[in-house]
K.L.:
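Handing you a structure now.
We number each residue from 1, following the sequence as shown.
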Amino acid sequence: DKLVLCILLQCFTRSLSITTPEQMIEKAKGETAYLPCKFTLSPEDQGPLDIEWLISPADNQKVDQVIILYSGDKIYDDYYPDLKGRVHFTSNDLKSGDASINVTNLQLSDIGTYQCKVKKAPGVANKKIQLVVLVKPSGTRCYVDGSEEIGSDFKLKCEPKEGSLPLQYEWQKLSDSQKMPTSWLAEMTLSVISVKNASSEYSGTYSCTVRNRVGSDQCLLRLNVVPPSNKAGLIAGAIIGTLLALVLIGLIIFCCHKKRREEKYEKEVHHDIREDVPPPKSRTSTARSYIGSNHSSLGSMSPSNMEGYSKTQYNQVPSEDFERTPQSPTLPPAKVAAPNLSRMGAIPVMIPAQSKDGSIV
């Protein structure tokens, strides 16, 4: 029995083994994580060398997935989309016994359990490493919550924009005596310091440092405790300013409305005047009216006087009217004797005459 147990122990110690212990690694977001995996081989391990890294996501909702693989002297690293291009073997000669990897530009989604598997038949071994990704404190802001007046109560606050818990705070006074007020000592390691019955001695420059396991950040605050202000005067000034603004707005609206009414009135008056003005008279209508008047007189004369009348009256038509008429020239009436008109059946007709302004006479 002892001989058999000794043989088994020798076989066990001489088989493939991973010498790196299981551990937990904490790194900050954006940094590079080194995951070690070193192994030794035994003379009996004669098969091809296969190295495989897997991840078990922290949410436990996904099965183990291969992130990088070495097999047949080739490396395959496109199995896991979330880590594609960010995971690499650290050694150029994996047969030397170093299967460690680097995970670059760490993200919160990289948190999980990583497993290194080494196989060289008949030897097989594996080890697990827990990776935790933390966020450094950053974007820390210091400010005063309340009125910085003598006798008032306010709070000094220190708030980082981001940072993984747990966070530690440390307040310090950088100016004057560099001694924190005694009443604040109990809150020196908190994110908020409550100030009661403030005095001018509290004035100065303060710093707040925020830390966690992967980094720290700091902000500065200038505290200036002053005498109480005249709040009644400020309120009265604000009310008066508001009233003046309202009056000014009312005046502007009134002036705009008045101007619109005046413009509308002017348009209506101008439109009425244009409707009442009669259209201008042309020279042609004047000439025609003059000729029509002469025709009317011609119709009222006897046949014996018509020949003489036609000779004299048509020559009395103003030449100015005909010269300005754009129409074709009018031929003078044919000279027909009165007896001939009677023989032709002409009947004397009374033609109404018109004045120069177009009205019937």
Side-chain angles (χ1 to χ4, degrees), residues 23-34 58-59 103 105-113 129-243 245:
Q23 57 187 295
M24 183 180 72
I25 298 175
E26 289 184 346
K27 285 291 182 178
K29 178 183 176 182
E31 294 183 347
T32 297
Y34 169 70
D59 55 13
V103 180
N105 190 22
L106 288 173
Q107 304 298 317
L108 296 179
S109 59
D110 298 338
I111 297 174
T113 301
I129 297 176
Q130 185 74 26
L131 176 61
V132 178
V133 180
L134 301 176
V135 179
K136 292 180 180 180
S138 63
T140 306
R141 185 171 71 100
C142 296
Y143 64 97
V144 179
D145 184 8
S147 176
E148 302 176 44
E149 296 180 351
I150 295 176
S152 63
D153 299 341
F154 54 82
K155 294 180 179 180
L156 306 183
K157 292 189 176 182
C158 180
E159 296 178 352
K161 186 177 180 180
E162 61 178 1
S164 298
L165 300 176
L167 295 173
Q168 297 177 351
Y169 298 86
E170 182 182 359
W171 287 89
Q172 290 182 338
K173 189 175 183 181
L174 305 179
S175 60
D176 299 334
S177 62
Q178 297 186 355
K179 291 183 179 180
M180 297 288 286
T182 306
S183 59
W184 298 7
L185 296 178
E187 299 176 334
M188 289 281 291
T189 57
L190 301 178
S191 61
V192 179
I193 295 179
S194 299
V195 179
K196 305 292 184 181
N197 191 21
S199 67
S200 59
E201 297 177 355
Y202 295 169
S203 299
T205 302
Y206 296 83
S207 70
C208 174
T209 303
V210 188
R211 294 187 178 89
N212 64 7
R213 294 196 296 268
V214 293
S216 63
D217 193 28
Q218 187 182 69
C219 63
L220 298 178
L221 181 148
R222 175 61 187 175
L223 180 62
N224 187 23
V225 182
V226 297
S229 59
N230 187 3
K231 295 183 179 179
L234 293 175
I235 295 174
I239 293 175
I240 293 173
T242 303
L243 293 176

K.L.:
Does L220 reach the side chain of L174, with side-chain heavy atoms less than 4.5 Å apart?
P.N.:
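Of all side-chain heavy-atom pairs linking L174 with L220, at least one is under 4.5 Å.
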K.L.:
I need the K173 NZ to M188 CE distance, nearest 0.5 Å.
P.N.:
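One finds 11.0 Å between NZ of K173 and CE of M188.
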K.L.:
Could you give me the CA-CA distance, side-chain angles and deciding distance for L221 and T205, then say whether side-chain contact (heavy atoms from CB on, under 4.5 Å) is met?
P.N.:
CA-CA 6 Å; L221 181 148; T205 302; over 6 Å; no
K.L.:
Go through S138 and E162 one step at a time and tell me if the side chain to side chain donor-acceptor pair (under 3.5 Å) criterion holds.
P.N.:
CA-CA 6 Å; S138 63; E162 61 178 1; 3.1 Å; yes
K.L.:
Does a side-chain heavy-atom distance below 4.5 Å link E148 with L223?
P.N.:
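Yes, their side chains come closer than 4.5 Å.
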K.L.:
For Q168, is the CD atom crowded, meaning more than 12 foreign heavy atoms sit under 6.0 Å from it?
P.N.:
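Check fails, neighbour count at 12 or below.
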K.L.:
So, for F154 and S147, which heavy atoms are closest and what is the spacing to 0.1 Å?
P.N.:
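Scanning both residues completely, I find the closest heavy atoms to be CD2-O, 3.3 Å.
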K.L.:
Does K136 come within less than 4.0 Å of E31, counting only side-chain N to carboxylate O?
P.N.:
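So K136 pairs with E31 through a salt bridge.
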K.L.:
Could you walk me through whether W171 and L190 pass the side-chain contact (heavy atoms from CB on, under 4.5 Å) test, one step at a time?
P.N.:
CA-CA 8 Å; W171 287 89; L190 301 178; 5.7 Å; no
K.L.:
Is the closest side-chain heavy-atom distance between V225 and V195 below 4.5 Å?
P.N.:
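SC-SC contact between V225 and V195 ruled out.
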K.L.:
Taking the side chain as everything from C-beta on, heavy atoms only, tell me whether Q172 gets closer than 4.5 Å to S207.
P.N.:
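When only atoms from C-beta onward are counted, S207 and Q172 do touch, with a gap below 4.5 Å.
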K.L.:
Answer yes or no: is there a side-chain heavy-atom contact under 4.5 Å between L167 and P160?
P.N.:
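With C-beta onward as the side chain, the pair touches.
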K.L.:
With I193, which of M180, K157, K155 fulfils side-chain contact (heavy atoms from CB on, under 4.5 Å)?
P.N.:
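So the option named by the test is M180.
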K.L.:
Hey, is C158 close enough to C208 that the SGs sit under 2.5 Å?
P.N.:
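Disulfide present: SG-SG distance under 2.5 Å.
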K.L.:
Please test Y169 against T189 for side-chain contact (heavy atoms from CB on, under 4.5 Å), starting from the C-alpha separation and ending with a verdict.
P.N.:
CA-CA 5 Å; Y169 298 86; T189 57; 5.5 Å; no
K.L.:
Side chains of P166 and R213: closer than 4.5 Å at any heavy-atom pair?
P.N.:
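The answer is yes; the side chains approach within 4.5 Å.
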K.L.:
Answer whether the closest heavy-atom distance between the side chains of Y202 and S183 falls below 4.5 Å.
P.N.:
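Yes, at least one pair of side-chain atoms sits under 4.5 Å.
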K.L.:
Once you round to the nearest 0.5 Å, how far does CD1 of I129 lie from OG1 of T113?
P.N.:
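One gets 10.5 Å once the value is rounded to the nearest 0.5 Å.
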K.L.:
Between S164 and V135, what is the shortest heavy-atom contact and its length?
P.N.:
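Scanning both residues, the minimum pair turns out to be OG-N, 2.6 Å.
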K.L.:
Tell me the closest heavy-atom pair linking A33 and L131, and the distance in Å.
P.N.:
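Looking at all heavy atoms of both residues, the closest pair is CB-CD1, 3.9 Å.
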K.L.:
Below 4.5 Å, heavy atoms only, C-beta onward: do E187 and S194 meet side chain to side chain?
P.N.:
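Contact flag for E187/S194 side chains = yes.
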K.L.:
Looking at T209, N212, T140, which one forms a side-chain hydrogen bond (donor to acceptor under 3.5 Å, both in side chains) with D217?
P.N.:
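Considering T209, N212, T140, a side-chain hydrogen bond (donor to acceptor under 3.5 Å, both in side chains) with D217 is found only for T140.
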K.L.:
If every non-hydrogen atom of R222 is compared with every non-hydrogen atom of S175, which pair is closest and at what distance?
P.N.:
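Closest approach of R222 to S175: NH1-OG, 4.3 Å.
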